[in-house]
> 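I have a structure here, written as structure tokens, and I will follow up with some questions on it.
Note that the structure is a prediction, hence the values are computed from the model and not measured. In what follows, residues are counted from 1 in the order of the sequence shown.
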Amino acid sequence: MPRIGPVTAENARPNVQRSLDGVAATLGFTPNLFRTFAHSPAVLEAYLGLGRSLKNTTLTAAHRESIALTVAGINGCDYCASAHTAAGQGAGLDNAELVANLAGASSDGELVEVVLVTAVNIFTNYFNHVAGTEVDFPYVASRPQAAAE
């Protein structure tokens, strides 16, 4: 059960609901992470702005997802492991690469942008730990031993 429950359409402020509707239009649904960020319009807008910034880096979507999976594995964030496995599949990563990235097997050259992608993903990992966000993607354990426990 989440420590901080997601905001529903019924209790979202109108400006927040517009942002959440934009997320749904892009992703096909509104993930719990965004609906939980919505408790603070500032946090939701900051995260959406960071996401837009990441798209302007020289890193490909596949590369960004590889980094996100590595960060999720290191930080033990099942929500992010699940979300970025789904996004990584959409970015063209095969299952072997997804598993390797989650285990931290990745190499990066664009150091400054890698730091940005890492910071954004650490933010979501920690937020999900604090909020206890319910995974609404196909579940992936962030660490192989977590699935066995």
> Please say yes or no: joined through hydrophobic side-chain contacts below 4.5 Å, possibly via intermediate residues, are I122 and V117 part of one cluster?
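Linked within one cluster.
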> Looking at every non-hydrogen atom in both residues, tell me the closest pair between A131 and T36 and how far apart they are.
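So the two residues come closest at CB-CG2, 3.9 Å.
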> Which pair of non-hydrogen atoms, one from P31 and one from Y79, has the smallest distance, and what is that distance?
CB-OH, 3.3 Å
> Testing the basics here: between H39 and G5, what is the closest heavy-atom pair and its distance to 0.1 Å?
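Shortest heavy-atom separation between H39 and G5 comes out as NE2-O, 2.5 Å.
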> With side-chain contact (heavy atoms from CB on, under 4.5 Å) as the test, would you mind laying out the steps for L50 and L54 before giving the verdict?
CA-CA 6 Å; L50 286 169; L54 292 178; 5.5 Å; no
> Tell me every residue that passes side-chain hydrogen bond (donor to acceptor under 3.5 Å, both in side chains) with T8, counting only those two or more places apart in sequence or in another chain.
E10, N11
> Measure across V16 and P41 and return the closest heavy-atom pair with its distance rounded to 0.1 Å.
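Of all heavy-atom pairs spanning V16 and P41, the closest is CG2-CG, 3.6 Å.
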> To the nearest 0.5 Å, what is the distance between OH on Y126 and SG on C80?
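Y126 atom OH to C80 atom SG measures 11.5 Å (nearest 0.5 Å).
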> With a 4.5 Å cut-off on side-chain heavy-atom distances among I, L, V, M, F, W and Y, is there a chain of contacts connecting F127 to L27?
yes
> So, for S66 and E97, which heavy atoms are closest and what is the spacing to 0.1 Å?
OG-OE2, 4.1 Å
> Go through the steps for V23 and L48 under the test side-chain contact (heavy atoms from CB on, under 4.5 Å), then give the verdict.
CA-CA 9 Å; V23 170; L48 292 172; 3.7 Å; yes
> Distance-only, no hydrogens or angles: does the N32 side chain make a donor-acceptor pair with backbone N or O of E134 under 3.5 Å?
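Judged by distance alone, yes, a pair lies under 3.5 Å.
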> Would you say L33 and V43 are hydrophobically clustered, going by side-chain heavy atoms of ILVMFWY under 4.5 Å?
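Yes, L33 connects to V43 through the hydrophobic network.
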> With side-chain contact (heavy atoms from CB on, under 4.5 Å) as the criterion, how do T85 and F137 come out once you've worked through the C-alpha distance, each side chain's angles and the decisive distance to 0.1 Å?
CA-CA 9 Å; T85 294; F137 292 90; over 6 Å; no
> Verify whether one side chain among S142 and D78 offers a donor that lies under 3.5 Å from an acceptor in the other.
yes
> Quick check on F29: does its CZ atom have over 12 non-hydrogen neighbours (other residues, nucleotides or ligands) under 6.0 Å away?
yes
> Would you confirm whether R64, through its side chain, and L59, through its main-chain N or O, come within 3.5 Å as a donor-acceptor pair?
yes
> Examine distances only and state if a side-chain atom of R3 and a backbone atom of H129 form a donor-acceptor pair shorter than 3.5 Å.
yes
> Going by atom types only, do N15 and R18 share a side-chain donor-acceptor pair under 3.5 Å?
no
> How many angstroms lie between atom NE2 of H63 and atom CG of N101, to the nearest 0.5 angstrom?
8.5 Å
> If we only count heavy atoms from C-beta on, is the V71 to T124 side-chain gap below 4.5 Å?
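V71 does not reach T124 side chain to side chain.
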> Go through V120 and Y47 one step at a time and tell me if the side-chain contact (heavy atoms from CB on, under 4.5 Å) criterion holds.
CA-CA 8 Å; V120 170; Y47 184 73; 3.8 Å; yes
> Classify the side-chain pair N121/H84 by whether it contains a donor and acceptor separated by less than 3.5 Å.
yes
> Output yes when a side-chain donor or acceptor of R143 lies under 3.5 Å from a complementary backbone atom of C77, and no otherwise.
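The answer is no, because no donor-acceptor pair under 3.5 Å joins these two groups.
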> Determine the minimum heavy-atom distance between T30 and F34, stating which atoms define it.
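For T30 versus F34, the nearest heavy atoms are CG2-CB, 4.3 Å.
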> Considering only Ile, Leu, Val, Met, Phe, Trp and Tyr, and joining two whenever side-chain heavy atoms are under 4.5 Å apart, list the other residues clustered with L69.
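Other cluster members: L93, L98, L102, V140.
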